[in-house]
Amino acid sequence: MFNELGLSPKVVSAVEAAGYTKPTPIQAAAIPHALEKKDVLGLAQTGTGKTASFVLPMLSLLEKGRARARMPRTLILEPTRELAAQVEESFEKYGVNHKLTVALLIGGVSFEEQNRKIDRGADVVIATPGRLLDHLERGKLLLQQVEIFVVDEADRMLDMGFIPDIERICKILPAKRQTLFFSATMPKEIVSLVDRFLKDPVRVEVSPPSSAAETVTQRFVRSGSTPKEKRDTLRRLIRGEKELSNGIIFCNRKRDIGTLFRSLERHGFSVGALHGDMDQRTRMMTLDSFKQDKITLLVASDVAARGLDIPKVSHVFNYDVPHNAEDYVHRIGRTGRAGRSGAAFTISTPEDKKLVAAIEAMLKREVQWLDDDAPPAAQKSAARSGGEDRSRPPRGRNRGDRRGPAEAETVAAQAPAPSQPQQAPAPAPARSKSDEAPRSDRGSRRRDRREPDEPRVAFRDTPYVPAFLLRPLSPRKPATTTTTRKSTTEPVG
DNA sequence: AAAAAAT
């Protein structure tokens with residue numbers, strides 16, 4: 001029980017109010033040590049309750065003392081803006097009984113609000129490295145009063161090249177501090193960081209990273225190489241999955257995301273798009289819609305591969321085989337969370353042979369191909385439709401059978417528009433330049449469009465799309481040709 | 001063959 005971990009009554013009551021009774025293994029293991037002000041090295045992935053394992057003890061410890069202007073008492077580093085925002089939400093949820101100032105310092109949004117919070121005296125600063133350093137360089141933020149320093153998703157920070165930034169930040173922080181350090185894996189660069197910046201850490205390990213995959217049914221799916229063939233394969237897979245409640249579709253390239261997003265939208269799917277070149281507000285809105293089940297599918301880059309805490313993803317579709325075998329594990333780790341079963345499909349073209357081999361090498365076993373084994377629903381439908389799905393009824397009509405019984409009541413409870421209960425609207429498509437369809441695809445788009453009777457219009461005017469989302473963000477720019485903004489410092493050769 | 005993060 002949470003009240004046995006040594007957390008303060010305020011924290012315990014907030015946790016209970018949030019509906020939690022039993023700590024997860026990482027929480028049970030890490031919280032008592034964190035409360036004793038020990039350094040903690042936590043080996044765990046998201047979905048294990050990792051965030052609460054540092055947020056709850058931090059709230060307890062912060063009850064003593066007060067923040068001074070520009071001198072935060074705690075600092076949390078996150079690799080992506082979404083993760084940082086998620087941690088802020090966690091402080092809001094568990095900190096309802098506290099009067100704490102929490103500042104979220106991430107890029108892509110204005111400095112004003114951030115500066116105000118810092119000046120007021122932030123108890124908690126949650127930041128991505130770039131924006132944090134920006135504040136530091138402007139002299140707006142002083143770190144000498146930091147009592148607790150949290151590094152989350154350290155291995156991902158490594159992948160993203162943030163290690164030098166973390167080292168810089170560590171050197172500014174007071175030596176007398178508590179460090180809570182989380183990483184799903186321990187490559188040697190991370191071990192070195194831990195050795196240098198943690199003091200006698202208590203090592204808390206929940207589950208080896210590979211075990212995340214065990215509740216997930218993984219299938220590889222052969223497909224032709226052209227985008228059209230891949231999109232056909234994907235639609236067939238999605239339509240064949242009767243138990244699909246929601247799913248993430250991963251693309252390797254940002255520029256493919258917009259194309260695929262629009263294609264799915266045209267085919268009547270409830271879909272959103274998420275990648276790092278989209279403006280921050282749209283990113284947040286889209287993620288929110290997905291979490292709240294307002295959209296069923298999310299076409300995303302690897303920005304969504306790790307860490308995002310979306311508790312209920314039933315399916316992962318890899319539209320592309322990921323470049324790194326490790327990314328594969330992270331992507332499929334978005335489903336099958338918290339003991340739930342999940343399904344992951346990876347669309348693979350003949351050109352992807354080497355990447356598949358790399359994944360097999362890492363998994364230490366062969367992957368299973370959809371057409372080689374006992375048929376999940378998708379295979380049957382693939383066989384039936386002979387690779388073309390034109391004859392199928394338009395989606396959005398056959399709703400009743402799409403979800404398993406477990407989800408049925410949730411759906412009913414939140415269905416706002418009787419005519420289209422599950423077909424919630426997609427948020428406004430991202431308007432960033434990378435979302436423009438490549439010219440080569442324009443032709444095939446037109447052909448896709450030929451599907452005769454799509455229900456799209458029906459959910460265009462459903463009531464719960466905030467009106468501002470449908471307005472353009474800024475005056476229309478002339479057709480973007482981005483090749484002109486090349487830097488003058490480009491080296492020769 | 002990529003993505004992410006400061007402007």
Side-chain angles (χ1 to χ4, degrees), chain A residues 46 76-86 104-112 114-115 118 125-141 151-169 184 225-227 230 248-260 273-280 283-284 287 298-308 318-331 334 346-359 430 432-435 438 440 485 487-489:
Chain A
T46 339
I76 300 167
L77 287 184
E78 295 286 339
T80 67
R81 300 168 184 176
E82 274 75 13
L83 272 171
Q86 227 166 249
L104 180 65
L105 309 186
I106 60 174
V109 293
S110 103
F111 280 90
E112 276 173 48
Q114 298 181 0
N115 284 335
I118 294 169
V125 163
I126 306 159
T128 45
R131 183 55 72 97
L132 182 81
L133 288 169
D134 204 341
H135 278 285
L136 288 171
E137 281 159 13
R138 288 161 191 243
K140 287 282 179 193
L141 189 64
V151 180
D152 199 11
E153 303 263 331
D155 49 353
R156 188 160 189 212
M157 301 251 201
L158 169 72
D159 290 345
M160 292 170 66
F162 284 155
I163 298 300
D165 292 345
I166 295 176
E167 288 174 343
R168 261 179 80 192
I169 294 161
S225 308
T226 68
K230 289 177 85 169
I248 305 179
I249 301 160
F250 285 105
C251 295
N252 284 358
R253 295 174 204 78
K254 282 182 287 205
R255 64 163 189 268
D256 294 338
I257 291 175
T259 315
L260 182 57
L274 187 72
H275 65 72
D277 281 355
M278 288 164 47
D279 73 90
Q280 194 55 30
R283 280 168 72 165
M284 298 272 190
L287 190 57
L298 185 65
V299 186
S301 70
D302 278 320
V303 70
R306 303 190 198 186
L308 286 193
N318 288 316
Y319 177 78
D320 300 303
V321 183
H323 285 102
N324 293 331
E326 218 174 86
D327 288 337
Y328 175 79
V329 177
H330 286 290
R331 286 182 182 185
R334 297 301 93 205
T346 303
I347 297 174
S348 169
T349 70
E351 290 75 29
D352 295 327
K353 224 174 159 180
K354 278 188 181 162
L355 296 174
V356 174
I359 291 169
S432 68
K433 58 181 185 294
S434 54
D435 230 23
S440 62
R485 66 167 225 295
S487 156
T488 49
T489 56

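Chain letters run A, B, ... following the sequence lines, proteins first and then strands; every chain starts at 1.
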| task | Indicate yes or no: at least one non-hydrogen side-chain atom of A:Asn324 is less than 4.5 angstrom from one of A:His330. | result |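 Not in contact.
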| request: Summarise protein proximity over nucleotides 2-7 of chain B in one line of letters, 5' to 3': B for base, S for sugar-phosphate only, - for none, counting protein heavy atoms closer than 4.0 Å. | output: BSBBBS
| query | ring-ring contact (aromatic ring centres under 6.0 Å, His included) with A:Tyr328: which residues, sequence neighbours excluded? | reply |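 With neighbours one apart ignored, the set is A:Phe220.
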| task | I would like to know whether A:Asp134 and A:Phe111 meet side-chain contact (heavy atoms from CB on, under 4.5 Å); could you show each step before the answer? | result | CA-CA 10 Å; A:Asp134 204 341; A:Phe111 280 90; 3.5 Å; yes
| Got a sec, which residues hit side chain to side chain donor-acceptor pair (under 3.5 Å) with A:Thr80, two or more places apart in sequence or on another chain? |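 Side chain to side chain donor-acceptor pair (under 3.5 Å) check on A:Thr80 returns nothing, list empty.
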| task | Give, for atom CD1 of A:Ile106 and atom CG of A:Leu132, the distance between the pair rounded to the nearest 0.5 Å. | result | 12.5 Å
